[in-house]
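What follows is one structure encoded as structure tokens, with my remarks underneath.
Fair warning: this is a prediction, and the values are worked out from it, not measured in the lab.
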Amino acid sequence: MKPIAIGARGVYRIEPSPSHTASAIGNAGVHVVSTPALIGFLEDASHRAILDCYEAGEVSVGTKVDIEHLAAAPLGQPIEATAEVTAVQGRRVDFQVEARQGDRVVMRGRHQRAVVDLARFLAAEKKPR
């Protein structure tokens with residue numbers, strides 16, 4: 001893993017689709033962007049913030065999410081998710097994250113990722129527990 005700068009930023013922009021709604025994951029009739037979809041957007045922004053710091057064979061995986069879902073996000077309006085590196089402890093990276101729809105903050109909080117060797121990570125997942 002290459003050094004990761006405090007303040008490094010990542011952005012993920014998306015026009016949410018019906019597959020991103022609460023209704024799509026079983027909350028029938030709720031046609032706004034679901035909490036899990038928004039968290040996924042924040043994870044993507046976080047990954048993008050440190051993408052240039054991976055060595056060959058490395059990826060990052062989410063390890064912690066502490067968010068507030070502040071407002072409903074309807075379809076038809078793009079969402080911009082942002083992440084900023086706030087701390088690095090070894091292979092663990094902390095982010096301040098936020099998702100906006102226009103001028104409204106719909107989600108904010110903290111997220112943590114760990115940079116891992118993908119082959120080793122996948123091998124560990126195959127071991128019986």
Go through the structure and list residues passing side chain to side chain donor-acceptor pair (under 3.5 Å) with D94, not counting sequence neighbours. Q89, Q112

Mind checking side chain to side chain donor-acceptor pair (under 3.5 Å) for T35 and listing every partner two or more places apart, or none if nothing turns up? H69

Group every Ile, Leu, Val, Met, Phe, Trp and Tyr by side-chain heavy-atom contacts under 4.5 Å, then state whether [X] and [Y] land in the same group.
X	Y	answer
L122	V59	yes
V33	V65	yes
V11	L51	no
V105	V97	no
V115	I6	yes

Which heavy atom of [X] sits nearest to which heavy atom of [Y], and what is that distance?
X	Y	answer
A73	I79	CB-CD1, 4.0 Å
S46	R113	CB-CD, 3.7 Å
A49	A83	CB-O, 4.2 Å
P18	A24	O-CB, 3.4 Å
R92	A114	NH1-CB, 3.9 Å
T82	L42	O-CD2, 4.2 Å

Do [X] and [Y] come within less than 4.5 Å of each other through their side chains, counting heavy atoms only?
X	Y	answer
Q101	P74	yes
L75	V32	no
R9	R48	no
V106	L70	no

To the closest 0.5 Å, what do you measure between [atom1] ([X]) and [atom2] ([Y])?
X	Y	atom1	atom2	value
S60	F95	OG	CZ	6.5 Å
I50	M1	CD1	CE	8.0 Å
I67	M107	CD1	CE	3.5 Å

Is it the case that the ring center of H20 lies less than 6.0 angstrom away from the ring center of F41? yes

Aromatic ring proximity, centroids under 6.0 angstrom, H47 and Y54: yes

Enumerate the salt bridge (charged side-chain N to carboxylate O under 4.0 Å, His left out) contacts for residues 65-83, please, sequence neighbours excluded, ordered by first and then second residue. R13-E80, D66-R110, E68-R108

Tell me, yes or no, whether the heavy-atom count around R104 atom CZ, taken from other residues, nucleotides or ligands under 6.0 Å, exceeds 12. yes

Quick test of your reading of the model: are R91 and E58 salt-bridged, counting only N-O distances below 4.0 Å? yes

